[in-house]
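See structure below.
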Amino acid sequence: MPEGAKPVLWLGNERVNAVTELKLKTNPCPCGSGLRAVRCCALDAAALPLQDNTSLLETQGTEATKFFNEKKYAEAEALALQVLDLAPNQRTVLRVLFEIRKAQNKHDAATALGARLAALPGLPGLRAQANTQFAQYLVGQGRHAEALPIAAAALKATPKDATVQHVMGVVLTETGAVLEGEAHYRKALKLLGREDGLVLANLAWNLKLQGRLEEAATLYESALALRADNKRGVGGQAQVEFGRAKRGKAVAVLDAALAQWGDDRTLRLLRAMADLAMRQPQAALDRLTPADALLAPEILARAQAFEQLGQLPEAVTAWSNARRMQRERSGLVYRPEPLQARATAYKAYFTADRVQVLPRAGTGAFTPVFLLGFARSGSSLLEQLLGQLPGFAMGDEFGAIGELTGAIPRLTGTETAYPEALDELLVGDNQELPGRLRALYEGKREKLGLLRPGVRFITDRSFSNFWHIGLIKLLYPEAPIIHVLRHPYDLMLANMAQDRKFEGNAQAGLAALAHYYGLHMDMLRHYRGQLTLRYLPVRYENLVAKPAKVLREVLGSIGAAGAVPPGIGANNETVPDPLPAHFAGREAVHKKNAYKHRAFLTAMPHLFDEVKDALAPLIEELGYAEESAP
């Protein structure tokens, strides 16, 4: 022992625990709240003072609030930290510190403080207010899924509060439950008893997502007349007008907005995307100059412009830079483990023997036509062409069949998760469940206005359907499944250029995208091997070369009578709402994107080296092996 050193009176874990406890008592919390860890994220709830006793500090809470409202933020922060060190659950000062950290963009701290504020016991009105504020904060961060239970708690406490109904509408809309979101927006307007520009604009965006563009356009006019400074609403209006094929009006709306708010990056990006849709790549590049320290979506837009100009190395460089930026700044990392676990579970359950004994639904109100295909495969083009034919309506990705999986445990009264919950269909009146699920699926299409007179076939282009072929087999045993295939290299190129988020963050890079595509194809291979399906593969390259011929093959597979109009390749027929989002960019059928990878490989022979081995078996399996060379 060194001279003068004091003997250690505890060893091993006891010493580690003591040191850890000392740090908790003295060190600031890692979340950045400014509180000690023991008064913040390492808080012992059992040691909190009773909520009623915290009212003794309400004078200090009032004073901290006064400082905050007077913009004396340093004084408000100092007082809040002192009070919360004594009583971490003092509601008033906790809210003050939450607002301060939120304004400082200290998101970890604001999240921790907001969650604690929302969890405090108290009167329903106070709890609802705290939940609403926290939900609004999460919505502002784009964390809508996290906001859902918080907004739901606020709604249950104060269902007659218009603000709470509005927040619930936003959260549901942005998590894909658009019909449910619409209902809450309309409740908010009814409770307000007047028109509100922000609520109307958000309702208009909801209707846009439903494809109800005519209604959305009318609502945007009213919303912006009430609140012309709603820049997000202006952007939404422009997108609706573009979707209605009123490109001139959309451009005028954006140009007028940019004349007023020239530094708004979202509006500028929308204007650049309009340039690209109208094949004006140089204009898009001029709008998005490198001097602006561009964000990833802006760099991806530049990549599309470079590609349209034929500057392929520059396009690839831009894609790579955008993905690297997303990885470095946003922590974008591909996480395949949950996806692989899901695939393993689904393949283990959906086998021929197991599915054979499960009950099926009877005849439905229409015949769904399931259009499968990896993103950017051409399934949207096929849907556009089918939508021009008599007897067809386009369901796009509205009300995906995968949304039903969460309802199955609840409807069967089991705690077992999907897909094992399907075993309950064998018991008692649960045998009627496939019919009830089909009714839920069809009900959404009726609400969307797809069940129009004369409609016999409704397309379903939900990307998630590759997971749910087993459930589709139970609800629609004889439904036609059309699988649009495209050269894997072309799929890689097209998806690297898109600002689209995939599950598991598969958009993180070329290797991640290739792995996700392989999983997608593996699931479809499994289902085809285990289930008897009305399955027709269609090549994108054939579809764009001879659209009428391919459509006749598709109609024959579906069992639909009728001739294919000779001019269908023009892809310009007017069709009724709801209109899928991909209609905004539709154009005449062309072949310029077929085998586009050849030009890239000529310019950059090693472009696909990273994924060559992963994609080679799929290229061979799909019959593209001889068509991959430049």
Side-chain angles (χ1 to χ4, degrees), residues 131-132 134-136 138-159 161-191 198-213 215-216 219 232 236 239-240 368 394-411 417-418 421 436-451 458 460-465 467-468 471-472 475 500-503 577-581:
N131 276 294
T132 302
F134 187 39
Q136 288 173 318
L138 293 173
V139 166
Q141 293 292 303
R143 296 156 63 181
H144 299 97
E146 295 175 62
L148 184 56
I150 310 299
L155 182 65
K156 292 172 185 176
T158 54
D161 187 297
T163 299
V164 173
Q165 292 284 355
H166 182 203
V167 171
M168 196 73 222
V170 172
V171 170
L172 288 171
T173 298
E174 296 304 321
T175 52
V178 289
L179 289 173
E180 295 82 353
E182 178 190 354
H184 285 283
Y185 283 138
R186 296 196 184 279
K187 286 179 183 177
L189 290 168
K190 185 176 181 179
L191 288 167
L198 184 58
V199 180
L200 285 175
N202 286 338
L203 175 57
W205 179 253
N206 174 287
L207 297 180
K208 185 264 182 192
L209 295 178
Q210 294 185 41
R212 295 157 61 183
L213 300 187
E215 295 175 75
L219 274 180
R232 181 169 180 155
Q239 292 177 74
V240 165
M394 295 173 293
D396 192 41
E397 299 196 53
F398 306 131
I401 218 161
E403 295 176 6
L404 300 174
T405 60
I408 292 171
R410 174 174 53 83
L411 292 174
Y418 178 87
R436 294 167 63 191
L437 292 171
R438 189 193 61 213
L440 291 174
Y441 175 80
E442 294 184 354
K444 286 200 172 184
R445 274 136 192 79
E446 184 175 13
K447 289 179 181 178
L448 287 164
L450 290 164
L451 289 179
I458 299 180
D460 182 328
R461 207 180 61 85
S462 301
F463 181 68
S464 62
N465 281 343
W467 287 113
H468 301 299
L471 182 57
I472 288 171
L475 305 192
R500 171 172 179 165
K501 182 175 182 178
F502 291 108
E503 54 187 343
D577 279 359
L579 279 181

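No hydrogens, no waters, no symmetry mates; every other heavy atom, side chains included, goes into these values.
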4.5 Å side-chain heavy-atom contact, Val139 and His144: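 Answer yes - side chains close enough.
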
query: Got Thr173 and His184 here, is their nearest side-chain heavy-atom distance under 4.5 Å?
result: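 No, side chains not in contact.
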
Calculate, to the nearest 0.5 Å, the distance between atoms [atom1] and [atom2] belonging to [X] and [Y] respectively.
X: Asn131; Y: Lys156; atom1: CG; atom2: NZ; answer: 10.5 Å
X: Leu148; Y: Glu174; atom1: CG; atom2: CD; answer: 12.5 Å
X: Leu451; Y: Glu446; atom1: CG; atom2: CD; answer: 5.5 Å
X: Leu450; Y: Gln210; atom1: CG; atom2: CD; answer: 10.0 Å
X: His468; Y: Leu404; atom1: NE2; atom2: CG; answer: 9.0 Å
X: Leu207; Y: Arg212; atom1: CG; atom2: CZ; answer: 4.5 Å

Locate the shortest heavy-atom distance separating [X] from [Y]; write the atom from each residue and the value.
X: Ala154; Y: Thr132; value: CB-OG1, 3.5 Å
X: Ala204; Y: Ala216; value: O-CB, 3.4 Å
X: Ile408; Y: Ala421; value: CG2-CB, 4.0 Å
X: Val164; Y: Ala151; value: CG1-O, 4.5 Å
X: Pro159; Y: Leu191; value: O-CD1, 3.9 Å

task: Flag the pair Lys447 and Glu180 as a salt bridge only when some basic side-chain nitrogen lies within less than 4.0 angstrom of an acidic carboxylate oxygen.
output: no

Could you tell me whether the side chain of [X] and the main chain of [Y] form a donor-acceptor pair under 3.5 Å?
X: Glu182; Y: Leu203; value: no
X: Asn206; Y: Val178; value: yes
X: Glu397; Y: Phe463; value: yes
X: Asp577; Y: Leu213; value: yes
X: Asp396; Y: Phe398; value: no
X: Arg461; Y: Met394; value: no
X: Thr175; Y: Leu172; value: yes

statement: For His166, the ring-ring contact (aromatic ring centres under 6.0 Å, His included) test, sequence neighbours excluded, returns Tyr185

Listed partners of Tyr441 passing ring-ring contact (aromatic ring centres under 6.0 Å, His included), at least two apart: Tyr476

message: Just checking Arg232: does its CZ atom have more than 12 heavy atoms from other residues, nucleotides or ligands closer to it than 6.0 angstrom?
response: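 No, the 6.0 Å shell around CZ holds no more than 12 heavy atoms from other groups.
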
